[in-house]
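One structure is given here, and the rest of the page talks about it.
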2 protein chains.
Amino acid sequence: MNMPPVTQYTIDEVSRDIGIGKDTLRVWERRYGFPVPGRGPQGERVYSRDQVKRLRIISRLLDRGYRPGKVVSLSDEQLQELALQQQLGQVNFDHPRVGQLLLSAQAGENAQVEPQLRSLYRELGPQRFVTEVAAPLLDMTGRAWAAGQLSIFVEHLVTDHLSRVLHDACHQIQPPEDGPRVLLTTMPGERHGMGLLMVELMLREGGARTVNLGVEMPVDELILACKSLQPEVVALSFSALQKRSLLMAALREISSKLPASVQILVGGEGVSRLRMLPGRVTVVRQLDAIAPVVAALHDRVRH
Amino acid sequence: MNMPPVTQYTIDEVSRDIGIGKDTLRVWERRYGFPVPGRGPQGERVYSRDQVKRLRIISRLLDRGYRPGKVVSLSDEQLQELALQQQLGQVNFDHPRVGQLLLSAQAGENAQVEPQLRSLYRELGPQRFVTEVAAPLLDMTGRAWAAGQLSIFVEHLVTDHLSRVLHDACHQIQPPEDGPRVLLTTMPGERHGMGLLMVELMLREGGARTVNLGVEMPVDELILACKSLQPEVVALSFSALQKRSLLMAALREISSKLPASVQILVGGEGVSRLRMLPGRVTVVRQLDAIAPVVAALHDRVRH
DNA sequence: TATACCAGTTTGTCCTAGACAAATGTAATT
DNA sequence: AATTACATTTGTCTAGGACAAACTGGTATA
């Protein structure tokens with residue numbers, strides 16, 4: 001018979017891979033009739049490869065603003081069509097060479113990617129590199145992956161190359177002794193650190209002395225870090241999938257525990273619709289909106 | 001009364017912060033009588049700051065090999081005593097300058113760390129840098145953190161600096177055209193990528209053409225990556241806390257799906273006690289055991 | 001001395017089905 | 001066009017039971 005090993009997934013694996021809670025998977029099954037997994041010998045859910053694929057598509061559609069009730073119970077054809085629609089809106093090559101880059105990464109020409117990125121950086125400088133190359137590249141990578149056009153490993157590779165180039169670029173800029181000190185990090189649960197790197201680069205170029213603490217810093221530890229490093233600003237990045245209430249709670253907690261002199265900067269896709277924030281929280285909705293903020297900081301420190 | 005804001009935590013926050021599953025927290029409460037949280041208006045568990053602190057201590061002790069039944073229900077005093085014991089055994093500075101490094105990171109002299117690392121690298125070369133600086137530094141950082149002597153943010157910073165230095169070092173080595181191709185990655189759930197970097201550096205020095213896919217690569221994607229990049233070797237890293245059964249299952253699956261010509265290399269603390277592996281899986285228990293493996297590879301490719 | 005095997009215990013994760021608040025959508029009103 | 005009020009959707013929590021995998025410790029074998 002030579003059965004191909006029908007690879008199967010436990011609820012835990014699916015939940016981690018797709019980024020949807022176990023409870024949510026179970027309640028979708030109850031409510032929308034998908035995904036209904038097979039069962040193992042002790043009654044545990046056993047998901048098929050196809051179900052996982054479908055879940056991945058759904059997850060991306062949710063990121064795009066669709067609601068579970070509308071998409072989870074769709075037929076395969078309807079879902080495909082939706083996914084295709086998303087694909088179409090995506091052939092938007094802000095910078096022609098960014099598209100090229102992605103294509104060559106996809107073709108397995110891995111060694112080409114990083115040199116190309118570096119040459120783009122030299123050509124455009126920090127500001128334009130971030131807004132015209134790094135951000136669109138990330139965006140395109142995400143979309144292409146969601147549409148199933150890109151394998152995960154290519155996404156990993158591209159992300160990795162990009163983060164390395166950004167890292168290096170940051171380090172080549174020597175901020176002035178009197179620049180404002182900025183701490184960068186994300187809250188627990190937010191594992192995307194690329195936004196931080198892009199922001200860090202722009203801040204450095206603006207003369208800030210940045211310290212990137214990496215992702216998922218517990219609030220208490222952030223407070224400790226502030227005590228130790230005495231920054232003028234703390235910058236936080238939130239991606240789209242953060243819950244607003246948790247976000248607000250975290251911001252309030254931080255705000256209440258940080259010395260009053262420390263300003264808080266929040267950015268990322270997750271903050272686009274925030275209102276009613278504590279006074280010293282500044283929201284940065286667009287990457288290029290950082291420049292004026294940095295300038296203001298600089299002034300404030302000088303005087 | 002000027003109440004200090006009695007910060008309280010939901011089960012979700014606690015679970016993420018400490019890294020213990022929600023189900024586990026609930027079952028500990030049932031079995032060991034700790035942590036018994038307060039309840040919110042709808043009966044949800046509400047954990048106090050002290051409980052979270054205690055959980056953090058417990059979590060460290062578990063990492064050290066203690067079992068929940070022994071430590072979760074201890075009295076505060078007994079727990080403190082245990083924690084103290086752990087602290088004492090740990091002042092073990094393998095390389096004098098490594099200890100120095102950690103101390104200066106702790107003192108907030110963040111800017112010093114990376115230059116020092118780079119100078120150590122220049123002095124020692126790849127092999128010795130990895131075994132005498134990188135590995136001990138990581139180990140010490142982990143221990144110091146477990147003992148509560150090091151804030152998380154310092155650990156993040158040190159890790160970040162180290163990974164950057166390793167990254168750069170890798171990239172400065174140009175492997176020969178005929179070197180064996182090696183793919184490096186970890187399985188889903190394994191988020192520690194530092195081991196990969198150390199291995200990558202040593203492999204590069206040994207003349208291998210490495211491609212680091214980063215962490216948490218689903219098995220299917222690894223197969224795809226192999227089809228696309230055609231490596232002679234796939235190297236996987238496992239840290240201590242991986243479940244053995246999952247590990248074996250993953251290895252078997254990979255082994256069954258990869259072309260027979262591809263060799264599999266596994267390493268990391270998680271593999272120390274493995275036996276009964278598929279034939280082409282080679283276990284590397286020590287970092288310095290890689291060199292001979294690389295040499296063998298090289299020969300194999302040449303002939 | 002080391003290793004293999006066996007029974008007993010510990011431990012993490014999964015199960016079901018119900019509940020409810022926060023988020024979102026829709027309609028009516030200013 | 002912006003508020004307000006009401007209805008629906010949606011994620012996460014709860015309870016206690018169940019069970020396999022992992023570990024412990026003892027015994028027998030190479």
Side-chain angles (χ1 to χ4, degrees), chain A residues 8-16 18-34 36-47 55 58-59 61-63 65-73 189 240-249 270 272-276, chain B residues 8-16 18-34 36-47 55 58-59 61-63 65-73 189 240-249 270 272-276:
Chain A
Q8 305 186 124
Y9 304 85
T10 67
I11 196 172
D12 188 54
E13 291 168 322
V14 175
S15 172
R16 259 208 318 261
I18 313 286
I20 293 174
K22 298 180 215 184
D23 282 320
T24 307
L25 286 171
R26 287 192 271 254
V27 92
W28 281 6
E29 180 182 342
R30 211 194 303 166
R31 286 187 187 144
Y32 313 120
F34 181 86
V36 179
R39 295 297 179 128
Q42 295 84 36
E44 349 79 87
R45 275 160 247 260
V46 176
Y47 296 86
L55 281 171
I58 290 173
S59 158
L61 286 172
L62 294 188
D63 287 347
Y66 287 88
R67 300 189 63 183
K70 308 268 177 188
V71 290
V72 177
S73 49
L241 29 75
Q242 280 284 333
K243 289 200 68 173
R244 200 181 302 181
S245 58
L246 286 180
L247 197 161
M248 294 290 289
S272 44
R273 282 196 254 169
L274 286 182
R275 284 164 250 181
M276 304 276 293
Chain B
Q8 307 188 123
Y9 304 85
T10 67
I11 195 171
D12 189 54
E13 292 168 321
V14 175
S15 171
R16 260 207 318 261
I18 313 284
I20 293 174
K22 300 180 215 186
D23 282 320
T24 307
L25 286 171
R26 287 192 272 254
V27 92
W28 279 7
E29 180 181 341
R30 209 194 306 163
R31 286 186 187 144
Y32 313 119
F34 181 87
V36 179
R39 295 299 177 128
Q42 294 83 38
E44 347 80 85
R45 275 160 248 261
V46 175
Y47 296 87
L55 281 171
I58 290 174
S59 157
L61 288 173
L62 293 188
D63 287 346
Y66 287 89
R67 301 190 63 183
K70 309 266 176 190
V71 289
V72 176
S73 50
L241 29 72
Q242 280 283 332
K243 295 194 70 168
R244 200 181 302 181
S245 59
L246 286 179
L247 198 161
M248 293 292 289
S272 44
R273 282 196 257 170
L274 286 181
R275 284 163 252 186
M276 303 278 292

Check nucleotides 6-10 of chain D against the protein and report each pair of N or O atoms closer than 3.5 Å, with its distance, or say if there are none.
{"from": "D:dT10", "atom 1": "OP1", "to": "A:P68", "atom 2": "N", "distance (Å)": "3.3"}
{"from": "D:dT10", "atom 1": "OP1", "to": "A:G69", "atom 2": "N", "distance (Å)": "2.8"}
{"from": "D:dT10", "atom 1": "OP2", "to": "A:Y32", "atom 2": "OH", "distance (Å)": "2.9"}
{"from": "D:dT10", "atom 1": "OP2", "to": "A:G69", "atom 2": "N", "distance (Å)": "3.0"}
{"from": "D:dT10", "atom 1": "O5'", "to": "A:Y32", "atom 2": "OH", "distance (Å)": "3.4"}

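To the nearest angstrom, C1' of D:dC19 lies 17 Å from CG of A:D12. The CG atom of A:D23 sits 6 Å away from the C1' atom of D:dT12 (whole-angstrom rounding). Distance B:L25 CG to C:dT11 C1': 14 Å, rounded to the nearest Å. Here the C1' atom of nucleotide D:dC13 and the CZ atom of B:R26 are 7 Å apart, to the nearest Å.
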side-chain contact (heavy atoms from CB on, under 4.5 Å) between B:K22 and B:D12, intermediate numbers included: CA-CA 7 Å; B:K22 300 180 215 186; B:D12 189 54; 3.3 Å; yes
Could you check B:L25 against B:L55 for side-chain contact (heavy atoms from CB on, under 4.5 Å), going step by step and ending with a plain yes or no? CA-CA 10 Å; B:L25 286 171; B:L55 281 171; 3.9 Å; yes
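Here the side chain of B:Q42 is nearest to one of C:dC20, D:dA15, C:dC15, namely C:dC20. Here C:dT16 is the nucleotide among C:dC14, C:dT16, D:dC13 with the atom lying nearest to any side-chain atom of A:R39.
The side chain to side chain contact (heavy atoms under 4.5 Å, CB included) test applied to A:V72 returns A:W28, A:Y32, A:F34, A:I58, A:P68, not counting sequence neighbours.
Going from atom CG of A:L62 over to atom CZ of A:R67 covers 10.5 Å, rounded to the nearest 0.5 Å. One distance of note links OG of B:S59 with CD1 of B:I20; it measures 5.0 Å at 0.5 Å rounding. A distance of 8.5 Å separates CZ of A:R39 from CD of A:E44, quoted to the nearest 0.5 Å. Separation of atoms CZ (A:R16) and OG1 (A:T10) is listed at 7.5 Å; rounding is to 0.5 Å.
Five base pairs at each end of the helix from C:dT1-D:dA30 to C:dT30-D:dA1 define two local axes, and these are offset by 60° (rounded to 10°).
Nearest heavy atom pair, residue B:E13 against residue B:Q8, reads OE1-O, 4.1 Å. When all heavy atoms of A:Y9 and A:V14 are compared, the pair lying nearest together is CB-CG2, 3.6 Å.
If you find the closest nucleotide of DNA chain D to B:R45 and to A:I20, the one lying nearer the 5' end belongs to A:I20. Where B:V46 and A:L62 each meet DNA chain D at their nearest nucleotide, the meeting point lying more 5' is that of A:L62.
In this model, the phosphate group of D:dT12 is not approached by any side-chain N or O of B:K22 to a distance below 4.0 Å at OP1 or OP2.
A donor N or O paired with an acceptor N or O is found under 3.5 Å between the base of D:dG17 and the side-chain atoms of B:R30.
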